[in-house]
Amino acid sequence: MRKNDGRTTKDGIRIYQQADYAGMHVAGELAARILDDIAAHIFVGQTTGEIDRLITKMVEDAGATSATIGYKGYQHASCISVNHVVCHGIPSDKKLKDGDILNIDVTVIVDGWFGDTSRMYVAGKLSRKAERLIQITHDALMKGIEAVKPGNTFGDIGHAIQVYAESQRMSVVRDFCGHGLGEVFHAPPNVLHYGRPGTGAMLEEGMFFTIEPMINLGRPETKVLADDWTAVTRDKSLSAQFEHSIGVTADGFEIFTLSPGGKYHPTYG
Ligand code: MF3
Ligand code: CO
Ligand code: CO
């Protein structure tokens, strides 16, 4: 047995074991494959409700379980957040219009392990300002991930994301964060997408968590609509998000939710 087997840190962060990475890879890969496969179903006139029905079927066909159906009363297999919706958009009968950008966020459970990932898509023609927002949001996520290694802190992750996004004159949403996950959906710590170097809990091998920055073209403030889920930018500016589930390794990180097809650009062209 390794010395840290079964441990939880003073911040309440669980330290997983070597064998647990395999379970996370299987769950993460399924979630990522679903995001690859749904790309062919995004077009002008499509509804987010139909996209969610297709995702529900993909989860079922894989013999997996949706983590979101029944979670705190949520009834769908995905969150689909269009344009100025920051996160937790509820699939509906509304049709996508030309130029709409959308985040699709899927969380599956496979053999008890959670895989949580999201990406951006576009219906029709991608505007240059939306393309820039999406590219910077993806790059901000990757800069956060590159800060992951034992000895760095969660503040280093948030700082890397914030410095980059703000250098591009975009803003980081403060009201939602990433989270520990593994054999549970949402566990400590809160993974902030802003912060100061050297602050927060120390990263250790065996920590599993998401990084999922939401970046706005305008101001960072959000509000939640009367449906109690849909979060939107207060100034109605466009918002984008990417999410990976990752694990800290001895010398860095592993991404559990890498796209099998390398599909990260919203047009998938
Ligand atoms: N997948 C989201 C996350 O990244 C959580 C969605 S919870 C739901 O943490 F209930 F809104 F689906
Ligand atoms: Co998440
Ligand atoms: Co998610």
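Indexing begins at 1, ligand by ligand and atom by atom, following the structure's order. Just so you know, residue 1 is the first one in the sequence shown, and it goes up from there.
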Q) Going by heavy atoms, is H186 under 4.0 Å from ligand 1? A) yes
Q) Quick check: does Y71 get an N/O under 3.5 Å from an N/O on ligand 1? A)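 Such a contact does not occur with ligand 1.
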Counting each atom of ligand 1 from 1 as listed, which ones have a heavy atom of [X] under 4.0 Å away?
| X | result |
| --- | --- |
| T68 | 12 (F) |
| C79 | 6 (C), 8 (C), 11 (F), 12 (F) |
| W229 | 8 (C), 10 (F), 11 (F) |
| H179 | 3 (C), 4 (O), 9 (O) |
| F185 | 1 (N), 5 (C) |
| T107 | 1 (N) |

Any donor-acceptor N or O pair under 3.5 Å, side chains [X], [Y]:
| X | Y | value |
| --- | --- | --- |
| N103 | S118 | yes |
| H84 | T233 | no |
| T210 | D116 | no |

Q | Proximity of Y74 and H76 rings by center, below 6.0 Å | A |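 Ring centres of H76 and Y74 closer than 6.0 Å.
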(Q) Against R119, only a single residue in D36, D105, D37 fulfils salt bridge (Lys or Arg N to Asp or Glu O under 4.0 Å); can you say which? (A) D36
Q. Going hydrophobic residue to hydrophobic residue with side-chain gaps under 4.5 angstrom, can you get from I69 over to V108?
A. no
**Q.** E212 near the Co ion (ligand 3) via N/O/S, less than 2.8 Å
**A.** no
Q. Hey, which N, O or S atom on H179 ends up closest to the Co ion (ligand 2)?
A. NE2
Q.
I'd like the atom name of the N/O/S atom in E243 lying closest to the Co ion (ligand 2).
A. OE2
Q) Parallel, tilted or perpendicular: which describes the rings of F114 and F185, with under 30° parallel and over 60° perpendicular? A) parallel
**Q.** Check ion pair R53-E50 (N to O, under 4.0 angstrom)
**A.** yes
Q) Does a salt bridge link D100 with K95, judged by any charged N lying under 4.0 Å from a carboxylate O? A)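 Result for this pair is no, no salt bridge flagged.
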Q) Would H186 count as a contact for the Co ion (ligand 2), in the sense that one of its N, O or S atoms lies under 2.8 Å from it? A) no
Q) So does D116 have any N/O/S atom less than 2.8 Å away from the Co ion (ligand 2)? A) yes
Q. Of F253, F256, F154, which meets ring-ring contact (aromatic ring centres under 6.0 Å, His included) against F209?
A.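 When ring-ring contact (aromatic ring centres under 6.0 Å, His included) is applied between F209 and each of F253, F256, F154, only F154 qualifies.
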Taking [atom] as the reference point, the nearest protein heavy atom with its distance:
| atom | answer |
| --- | --- |
| atom 4 (O) of ligand 1 | E212 OE1, 2.8 Å |
| atom 2 (C) of ligand 1 | D105 OD2, 3.4 Å |
| atom 3 (C) of ligand 1 | D116 OD2, 3.4 Å |

**Q.** Residue from L203, V248, D251 passing side chain to side chain contact (heavy atoms under 4.5 Å, CB included) with P150
**A.**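 By the side chain to side chain contact (heavy atoms under 4.5 Å, CB included) criterion, P150 pairs with just one of L203, V248, D251: V248.
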Q. Where's the contact between H76 and ligand 1, heavy-atom distance under 4.0 Å: side chain, backbone, both or neither?
A. neither
